[in-house]
Amino acid sequence: MSLLDATSLPVLIVAALAASCCALIGSFLVLRRSALLGDAISHGILPGIVVGFALSGSREIVPMFIGALVAALGTTLLTDLLHRRLRIDGDAAMGVVFTTLFALGVVLLEVYAGRVDLDPGCVLHGQVEYAAIDPASFAILGWTPPRGAVTLGVTLLLDLVFVLLLWKELLITSFDGDLAHSLGIPPGPLHLALMGMTALTTVASFEAVGSILVVAMLIVPAMVATLLTDRLLGVLLAAQGVALASAGLGLWSAQRLDTSVAGMMAVSVGGLLAVAFLLAPGQGWLPRRLRRLSLAIRIAEEDLLGSLYRAEERQAGGGGIERPSGAPPHHPAWLRIGAGLRLRWRAEVVKSDRTLTLTQRGRGRGRRLVRRHRLWENYLSDLLALPASHLHDPAHRIEHFLDEELTRRIEERLDGPERDPHGRAIPAADHEPGEEER
Amino acid sequence: MSGAPPPAIEVHDLTVSYHAKPVLWDIDVEIPAGQLVGVVGPNGAGKSTLLRAILGLVRPASGWVRIDGEPRRRGRHGCGYVPQRESVDWDFPVDVLDVVLMGTYGNLGWFRRPGRRERERAMHALEQVGMQDLARRQIAELSGGQQQRVFLARALAQDAPVYLMDEPFSGVDAATEAAIFEVLRTLRAAGRTVVVVHHDLQTVEEYFDHVLLLNLRLVAAGPIRDTFTRENLLATYGGRLTLLDEAAEAVRRGSVDTTAWRPPPDGAS
């Protein structure tokens, strides 16, 4: 069975359209930190849908939408009332209102189910599977679209017009409501308009994905998108990509497992969220771990170079102290071994007769590290007036993070000291005499 | 009215309440045009609330506000606002230029998008605060001082006759503090009125021409020289400053063992 055959294609189209328009409106809900409001609206409208359907006796979208809009307004206003008048916490007020309204909706659904053609299962879980046997009453270029696709297509168009027309108003009221208000762009009416569009989108989508799972399509694609990008347009586009992918994945896996398409769409989008959490460049778990690992390796390398450089210093001064054979022991063994191997591979140290020797390149890096360390000790000693016994540890931590520019400015600030507080020479920024010949 | 220019901001008998409890009592003050005005008072004195009431963000229980002798207007003819930095979500997916462009939205009217002219104005505002090189940076990547400069640039892009700023000097580095003060002076030179909530008493005399001393009520208002006096500050900060005075005096005399010294009980002032 292919996703593009005669029975699957209409299902795919309806599922994709539902996911797409939910993701578009949902992106703004997530950016406004109003994800729970999306949940509240999508549940709270149920009694409105049922009453609209019962009064009109048909599954036309207009009466259901009017009922849903009234219920959505009711959800918003009741929440506000509980919050302001009874001083109930905002989230708690919302939770009370939408669960109560949803329960009322379920009861009404059972009451009317016997008399009208409205299946509770369909309302709760959607029936996108029947898209192929529920065609529209007209054809475009000889192709009859599924009825759901027409409703959802119009909804997507309305959502797009809404977002494009009110782009700047939605942006500024989402980011800084006070500023918007002071500029004459009232956040309140825009918020209500967004709630209205959420209600419309939810009503149009509930036939496809049901009134419970619609909230997954509202919220999760935008959450994945915010992990992937940090620009508004990027978030909207990425959310669309995630929505379409979860529609395709959902249908494909539902066919394989012979289960609910809407359910598998919600599972798919949840899976995509998990993948994004793990792998998203920048914010994902794995890239963060890799960055931390590469930092740990660099620190172990630099510590090894620094201790070799200091050993050379002591030898030159007649100390004759044994050279260290690896990075200092406060790093775990595997990190010390790894750092030593990497330095040898990059020809910064060479190993002969069980001892490590700096090459010219390695010596330069070690010298710059020791220079940063000793300058920082001076800085702590002169400007923070720390006693000599408290200088080494902080300098040992920060020496890996100072760049050349900052080091130069610290040196300037200290009027170019020649020795650190312990009396050891501070290496120069560029080559020392004798460094090349070794 | 006579031929004299109206005050930049006129606040008449303004009372603001939260949950029926007044937080500003009968504020009646005129702020002259073309000056740098500091609003000073202890924590919880209602400084931010006064700014928000002037902007119309909170509904007063009584009283009214006029800008340039007329009821509040928006955009180019309204008030520029620099809110506290903590008031927004800095993880929001926009870049620096996007935020500065928001300053131009009030002049655009509904549905219209900012175009080339708005973009140029925003870039010019960014140059004024020394942030032009960071225009395409995501706002979460900025330091606190840079975020404050972005807010300032956004207000500059609005090009308003009156600016209201809520603690723009709070938590910024020395370079940003100097840059902000420079912008304030430029605004004054251009005849703008700038009202700044300020918490650092040390710099009030250096930064401002005019001062409002606030502690739930207006304690005093006027030119710095006549108004920023010890008596007025004592009246504004009440017992707290008196206690601090006594403590400072005790340390100065050097007659007190600092380990044994305890502050006098509250109200002993």
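Proteins get letters first, then strands, A, B, ... in listed order; numbering begins at 1 in each. This structure is a prediction, so every number in the text was calculated from the model and none was measured.
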Response to the item:
Rounded to the nearest 0.5 angstrom, the NZ-CH2 distance for A:Lys168 and B:Trp110 is 8.0 Å
Worksheet entry | Reported CG-to-CZ distance for the pair A:Leu179 and B:Arg154, which is rounded to 0.5 angstrom | 4.0 Å
Worksheet entry | Top of A:Leu164, A:Leu232, A:Ile172, A:Val235 for chain B proximity - count of heavy-atom pairs under 4.5 angstrom | A:Ile172
Fill in: Inter-residue atom distance A:Glu169.CD - B:Leu108.CG, 0.5 Å rounding
9.0 Å
Item to complete: Determine whether more than 12 heavy atoms belonging to other residues, nucleotides or ligands lie under 6.0 Å from atom CE of A:Met223.
Response: no
Worksheet item: Can you tell if the side chain of B:Asp98 reaches within under 4.5 Å of the side chain of A:Phe175, non-hydrogen atoms only?
Response: no
Worksheet entry | Heavy atoms from other residues, nucleotides or ligands near CD of A:Glu405 exceed 12 (cutoff 6.0 Å) | yes
Worksheet item: Most heavy-atom pairs under 4.5 angstrom with chain A, which of B:Arg112, B:Arg52, B:Met102?
Response: B:Met102
Fill in: Region of A:Arg84 in contact with chain B, defined by heavy-atom distances below 4.5 Å
neither
Worksheet item: Which atom pair, heavy atoms only, marks the closest approach of B:Leu55 to A:Ser182?
Response: CD2-CB, 3.9 Å
Worksheet item: For atom CZ of A:Arg298, is the number of surrounding heavy atoms from other residues, nucleotides or ligands below 6.0 Å larger than 12?
Response: yes
Discussion item. Please determine whether the number of non-hydrogen atoms from other residues, nucleotides or ligands lying under 6.0 Å from atom CZ of B:Arg113 exceeds 12.
Written reply: yes
Worksheet item: By a 4.5 Å heavy-atom criterion (distance strictly below it), what part of B:Leu101 contacts chain A: side chain, backbone, both, or neither?
Response: neither
Fill in: Crowding at CZ, A:Arg291 (>12 non-hydrogen neighbours, <6.0 Å)
yes
Discussion item. Shorter than 4.5 Å, heavy atoms on both sides: which option in B:Pro93, B:Ala155, B:Ala140 has the most such pairs with chain A?
Written reply: B:Pro93
Worksheet entry | A:Phe277, CZ atom: more than 12 neighbouring heavy atoms under 6.0 Å | no
Worksheet item: Roughly how far apart are B:Asp91 CG and A:Arg33 CZ, rounded to 0.5 Å?
Response: 6.5 Å
Worksheet entry | Heavy-atom contact with chain A under 4.5 Å, split by part of B:Val99 | side chain
Worksheet item: Between A:Asp178, A:Leu31, A:Leu166, which has the largest tally of heavy atom pairs under 4.5 Å with chain B?
Response: A:Asp178
Discussion item. Measuring from atom CG of A:Asp176 to atom OH of B:Tyr81, what distance do you get when rounded to the nearest 0.5 angstrom?
Written reply: 8.0 Å
Worksheet item: What part of A:Thr226 lies closer than 4.5 angstrom to a heavy atom of chain B: side chain, backbone, both or neither?
Response: neither
Worksheet item: Got a second to check how far A:Thr173's OG1 is from B:Tyr105's OH, nearest 0.5 Å?
Response: 10.0 Å
Practice prompt. Please check if the side chain of B:Gln138 supplies one atom and the backbone of A:Arg231 the other of a donor-acceptor pair under 3.5 Å.
Written response: no
